[in-house]
Q: 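Would you mind keeping the following structure in view while I ask a few things?
Keep in mind the model is a prediction, meaning the values are calculated, not measured. Residue numbering restarts at 1 for every chain, and letters A, B, ... go by the order of the sequence lines.
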Amino acid sequence: MSRMELTDIIKEENLVLKKSALLTDNVMHYCPGCTHGVVHKLIAEVIEELGIQEQTIGISPVGCSVFAYNYIDIDWAEAAHGRAPALATAIRRLHPEKYVFTYQGDGDLASIGCAEIMHACNRGENIVVIFINNAIYGMTGGQMAPTTLLGQVTATTPYGRDAKLNGFPMKITELLAQLDGTCYVTRQTADTPAAVRKTKNAIKKAFQNTRLDKGVSFVEVVGTCNSGWKMTPVDANKWMHEHMFEKYPLGDIKDI
Amino acid sequence: MAKFRGAIVVDTEHCKGCSLCVVACPTHVIELNPDVNGKGYHYAYMKNPEACIGCASCGLVCPDSVISVYKKAVE
């Protein structure tokens, strides 16, 4: 293969995939291989494809993704820890013409923000909730989260999570699916190209649902935290395949 | 012979060398470069550019959106 032929291929008219125009030039602070980067990209692509850049307001959480507002070029608000659904409720009620979404990790949504998400879902607010579940507290250094699997080693469960001592992994997505205020509850992942495409479709559907006054659209993305899990990004994806999907099966849980 | 030829362009200074694109590539085009970028990461590059079919799998899984994919039909 000569260099001439490569330059034939690399031309503007042959471009099939490039960075979304909504993603800023800021380098993401996430660790190499972090699922947050993929989901940020998908949200940016969905907003770009729907043409709703000026109508979208995101709520960033506390956790690794606290700086989400630095990376996607839309309007953002920053909520107190776990209170993103409450803030999203207020913004959506005051601006009913806007698309409002929260972006939360498992520490933010399933732990400290458990009451907020429960009641926002129960009220049936017309918002999108993107929930990143990596079974660990990433930002604070890899402590046990409510979603940590039984036997999983973290900084605060050095001998593995023990149900007698630490309780059971919390399937918050299944809990929320039982509430009448949710219209679309799904669990996806983002490790393979096929999974990334499915997740993008789920996020797109969730954004479109907010126009239909049907209630909360909840998209869980099972992700990796390779730094917290003490693995390489590739090994973390393998570990997720082997362990996470047994407890957190993929697919739509509710779609009405 | 493949009906499509592809090529990728990596934003090497923003690549973090996570190698998720390396395992996602169905035709084993991508490897991590022995050289490093300004931050010390081994960045992704096309080791076997002839094998690329422009499927964009690498770009889809890239967390930092540093890969642009080009695809051209073979005449």
Q: A:Asn237 versus chain B, heavy atoms under 4.5 Å apart: side chain, backbone, both or neither?
A: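 It is the side chain, since no backbone atom gets that close.
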Q: Specify which of A:His36, A:Lys11, A:Lys18 makes the most heavy-atom pairs with chain B at under 4.5 Å.
A: A:Lys11
Q: Would a 4.5 Å heavy-atom cut-off, applied to side chains only, mark B:Val66 and A:Lys19 as touching?
A: no
Q: Quick one: are A:Val27 and B:Lys39 in side-chain contact, heavy atoms under 4.5 Å?
A: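 In short, these two side chains touch, coming nearer than 4.5 Å.
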Q: Is A:Val234 in contact with chain B via its backbone, its side chain, both, or neither, using a 4.5 Å heavy-atom distance?
A: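 For A:Val234, backbone and side chain are both near chain B.
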Q: Could you check which of B:Gly54, B:Ala73, B:Cys55, B:Gly6 has the highest count of heavy-atom pairs closer than 4.5 Å to chain A?
A: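 The residue among B:Gly54, B:Ala73, B:Cys55, B:Gly6 with the greatest pair count is B:Gly6.
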Q: Taking all heavy atoms of A:Lys41 and all of B:Leu60, pick out the closest pair and write down the distance.
A: NZ-O, 2.6 Å
Q: Report the option among A:Leu42, A:Val16, A:Val196 that has the most heavy-atom pairs separated by less than 4.5 Å from atoms of chain B.
A: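 Most pairs with chain B among the choices: A:Val16.
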Q: Please round to the nearest 0.5 Å and tell me the distance separating atom CG of A:Leu6 and atom CD of B:Glu50.
A: 8.0 Å
Q: Hey, can you pull the donor-acceptor pairs under 3.5 Å for the side chains in residues 13-27 of chain B, sequence neighbours left out?
A:
from	atom 1	to	atom 2	distance (Å)
B:Glu13	OE1	B:Gly38	N	3.2
B:Glu13	OE2	B:Gly38	N	3.3
B:His14	ND1	B:Asp11	OD2	2.8
B:Lys16	NZ	A:Met28	O	2.7
B:Lys16	NZ	A:Tyr30	O	2.7
B:Lys16	NZ	B:Asp64	OD1	3.0
B:Thr27	OG1	B:Ala51	O	3.3

Q: Over all heavy atoms of both residues, which pair between A:Asn14 and B:Lys72 is shortest? Give the atoms and the distance, please.
A: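 It is ND2-CD, 3.6 Å.
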Q: Is the closest side-chain heavy-atom distance between B:Ser68 and A:Leu15 below 4.5 Å?
A: yes
Q: Answer whether the closest heavy-atom distance between the side chains of B:Val61 and A:Thr192 falls below 4.5 Å.
A: no
Q: If you compare all heavy atoms of A:Ile10 against all heavy atoms of B:Ala7, which two are closest, and at what distance to 0.1 Å?
A: CG1-CB, 3.7 Å
Q: Where does B:Cys58 contact chain A at under 4.5 Å (heavy atoms): side chain, backbone, both or neither?
A: neither
